[in-house]
Amino acid sequence: MSTTAPAKGVTGSILTSATEGSANTANAPFGHALVRAAEKNPRIVGLTADLGKYTDIHVFAEKFPTRFFQMGMAEQSLVGCACGLARTGFVPFATTYAVFATRRAYDFIAIGAALGRANVKIIAGLPGLTTGYGGTHQGIEDLALMRSVPNLTVIDPCDATEVAQATTAIAEHDGPVYMRLLRGQVPVFLDEKTHRFEIGKARLLLDGADVAIISTGLMTGRALEAAKDLAASGVRAAVLHVATIKPFDTAAVGALLARVPRVVTAENHVVTGGLGSAVADLAVAEGLPIKLRKVGIPDCFCESGSLPWLAKHYKMTAADIATSAHDVLK
Amino acid sequence: MSTLTSAPDVAAIRQRAHTMRRHVLHMAEIVGQGYVGQGLGIADLLAVMYFSELRFDPANLKWADRDRFTLSIGHYAIGLYAALAEAGIIPLGELDTYGADGSRLEMSAPETTPGVELTGGSLGHGLTQAVGMALGLRLDGKSARVFNLLSDGECQEGSTWEAAMAGAHHKLDNLFAFIDCNNQQADGAPSRVMGIEPIDKKWEAFGWHTQRVNGNDPAAILHALAAAKAAPGRPHAIVLDTLMGRGVPLFEQREKNHFIRVSPEEWTIARSQLEEAK
Ligand SMILES: Cc1ncc(C[n+]2csc(CCOP(=O)(O)OP(=O)(O)O)c2C)c(N)n1
């Protein structure tokens with residue numbers, strides 16, 4: 001066999017989150033925020049399914065070993081057990097990857113947690129294209145699945161600031177929550193002094209009259225970047241960040257759609273059933289005449305690859321958002 | 001087509017396992033990290049399977065009467081690719097593309113790769129599908145067998161035991177499960193994460209003809225396979241005690257070795273250790 005030089009573009013970042021060249025990052029924002037919440041509330045407990053090191057809950061486990069339960073690689077048992085803890089008055093945070101939480105333990109989330117509004121927090125790693133692994137590990141349709149479960153709150157934070165704030169908020173919130181996790185070294189672009197995450201509230205991060213970019217999760221960082229590029233070519237873009245997918249902030253989204261009817265949605269998720277669909281539903285229900293382009297993962301299982309390659313391959317970059325904005329303005 | 005006609009040549013199998021370990025190091029070095037420990041640890045089993053036990057035709061991978069080898073643990077792909085290349089199912093040179101953007105040799109094996117029977121990696125699927133394959137082959141009157149490779153971590157998934165129950169209930173003696181007990185999973189040793197022992201007793205209690213052997217000894221694996229085939233009426237479990245990183249002391253001794261990160265200068269050491277250990 002030949003001894004070739006390392007191939008280019010290998011999936012080196014396979015098990016770490018993409019920092020997207022961000023100058024400013026924070027380490028394990030979820031783990032540290034959970035520790036702060038748990039210092040205040042002794043009823044908070046943590047669980048994982050053999051992914052403690054990979055979902056940042058190891059920070060909590062080291063600090064509160066007696067309040068942490070390792071459930072082994074068994075996601076149905078993980079969620080079911082969390083529901084049981086909730087029924088005895090605890091506030092369980094259960095972590096695994098998005099694919100295993102939603103695909104493997106869906107029934108347990110729907111019936112165990114959501115139906116009776118058990119106070120369970122499901123924290124789901126590797127959302128969308130944040131892993132180089134293929135179809136088995138990329139949680140590309142979890143928002144669609146979770147958004148359709150009654151009683152569930154669904155959150156997709158955009159950076160480390162928001163991951164931390166959302167963790168605090170859901171610890172205080174009484175009811176079942178599904179939150180997508182950005183783990184490891186997570187980019188920071190929201191100012192913790194001025195940004196205020198609130199369950200159910202969208203935030204207008206930038207105003208502009210030409211095109212409305214409505215985004216969620218890590219795509220909000222790319223939306224802000226796209227808005228900068230658009231400004232350079234004379235297009236004024238608004239960026240509305242919708243961190244809570246459910247309950248959906250119909251007031252804020254509806255007001256923006258009415259004011260700026262050229263719309264681009266951007267989500268780290270398949271374009272079916274997620275944020276783009278929620279926006280389209282609302283526009284139809286309100287009779288708002290919008291023109292919409294959805295940026296997101298196409299209707300397919302994705303390949304393996306490095307994160308930058310995947311983002312380009314599936315047209316998920318800031319440049320792709322800008323292209324869609326120009327397109328929707330035609 | 002390779003068929004088992006004469007007594008297996010253990011020395012030849014050991015040589016194949018050694019060559020496969022070289023391939024594993026080569027692939028891992030290109031990526032710079034990964035599931036090296038698993039690939040090295042499972043090479044002996046894969047050498048037995050692909051060079052003694054499995055009936056398959058590299059020129060006709062869809063041959064309906066072939067034995068099925070199903071890799072439940074998709075992340076062991078690095079080991080399987082080494083075997084598939086040695087067996088002539090994928091070109092040797094293609095191993096250079098392991099883990100590269102756009103490559104067929106993804107780090108977790110997908111069924112779109114030649115020779116990969118099902119998409120594992122979401123752990124706990126493999127045995128359920130292996131049961132279905134064994135039922136299907138039996139219904140068609142075929143003598144082909146199904147061999148599923150599981151991990152110790154996978155024994156924590158409920159679906160594994162649902163399938164184990166079904167295999168015994170339907171008396172699938174054309175079904176074989178290898179359980180790779182390398183004493184490691186993502187968060188550490190199973191005994192600390194979620195105890196599974198005594199794992200052989202569990203398979204036995206579920207109605208499987210069960211044996212436990214040194215999974216790094218090809219002769220012991222061959223012996224267990226012969227004993228399994230002589231026990232009709234039940235599915236067969238062979239628990240393999242293996243050493244992660246087997247053949248490369250540098251990796252054998254590494255503590256957190258589920259996913260190894262390796263510095264560039266360590267590869268030279270690893271390669272020479274492998275040749276010395278031979
Ligand atoms: C259903 C499922 N849950 C979690 C994971 C994440 N995961 C990947 S490998 C792994 C460890 C599994 O244990 P094992 O196969 O025994 O690990 P190894 O021997 O490779 O260290 C985990 C938890 C997964 N792939 N599938």
Side-chain angles (χ1 to χ4, degrees), chain A residues 1-16 48-55 57-58 61 68-78 80 95-97 99-100 103-105 108 131-139 301-313, chain B residues 19 22-23 26-27 29-34 74-75 77 85 91-112 119-125 151-160 185-188 190 192-196 256 258-259 261 264 271:
Chain A
M1 193 184 351
S2 64
T3 44
T4 44
K8 288 213 173 63
V10 293
T11 50
S13 52
I14 205 150
L15 283 174
T16 52
T48 193
D50 193 24
L51 287 171
K53 282 192 279 192
Y54 299 89
T55 57
I57 202 166
H58 66 284
F68 176 73
F69 305 103
Q70 172 61 265
M71 298 306 294
M73 189 172 63
E75 294 74 16
Q76 300 182 349
S77 172
L78 170 80
T95 73
T96 178
Y97 292 158
V99 281
F100 309 130
R103 294 175 186 164
R104 188 69 56 99
F108 293 73
T131 169
Y133 272 13
T136 56
H137 282 62
Q138 294 156 343
F301 287 103
C302 300
E303 286 179 50
S304 274
S306 58
L307 301 185
W309 183 82
L310 287 170
K312 268 211 189 93
H313 194 74
Chain B
T19 312
R22 274 193 203 148
H23 297 330
H26 175 77
M27 281 182 271
E29 183 171 1
I30 289 174
V31 183
Q33 58 185 357
H75 61 291
L92 262 184
E94 192 172 345
L95 296 182
D96 292 357
T97 71
Y98 171 69
D101 292 341
S103 164
R104 299 194 292 184
L105 305 190
E106 302 189 1
M107 284 181 83
S108 187
E111 63 200 270
T112 43
T119 302
S122 177
L123 301 172
H125 283 225
S151 64
D152 41 10
E154 242 184 334
C155 291
Q156 294 161 355
E157 288 287 354
S159 54
T160 295
Q185 59 185 111
D187 274 343
R192 296 191 51 229
V193 172
M194 180 58 61
I196 61 166
K256 293 176 187 166
H258 169 73
F259 189 88
R261 283 172 216 285
R271 269 187 268 111

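Letters A, B, ... mirror the listed sequences (proteins, then strands); counts begin at 1.
Distance OG1/B:Thr119 to CZ/A:Phe301: 9.5 Å, rounded to 0.5 Å. From B:Asp101, atom CG reaches atom CG of A:Leu310 across 7.0 Å, with rounding to the nearest 0.5 Å. Interatomic distance, NE2 of A:His137 versus CE of B:Met107, reported as 11.0 Å (0.5 Å rounding).
For the set B:Gly32, B:Gly195, B:Gly102, B:Gly188, the count of heavy-atom pairs under 4.5 angstrom toward chain A peaks at B:Gly102. Of the listed residues (A:Arg103, A:His58, A:Arg104), the greatest number of heavy-atom pairs within a distance under 4.5 Å of chain B belongs to A:Arg104.
Between B:Glu106 and A:Ser304, the closest heavy-atom pair is OE1-OG, 3.0 Å. Across all their heavy atoms, A:Thr136 and B:Ser108 have their closest contact at OG1-OG, 4.2 Å. Nearest heavy-atom pair across B:Ser122 and A:Phe100 is OG-CE2, 3.5 Å. In terms of heavy-atom proximity, A:Gln70 sits nearest to B:Met194 at O-CE, 3.4 Å.
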Could you walk me through whether B:His258 and A:Tyr54 pass side chain to side chain contact (heavy atoms under 4.5 Å, CB included), step by step? CA-CA 12 Å; B:His258 169 73; A:Tyr54 299 89; 3.7 Å; yes

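Of the possible donor and acceptor atoms, one in the side chain of A:Asp50 sits under 3.5 Å from a partner among the backbone N and O of B:Asp187.
Heavy atoms of B:Ser103 lying under 4.5 Å from chain A are absent altogether. Interface remark: A:Thr48 contributes side-chain atoms only to the contact with chain B (heavy atom separation under 4.5 Å).
No side-chain heavy atom of A:Gln76 sits under 4.5 Å from any side-chain heavy atom of B:Glu157.
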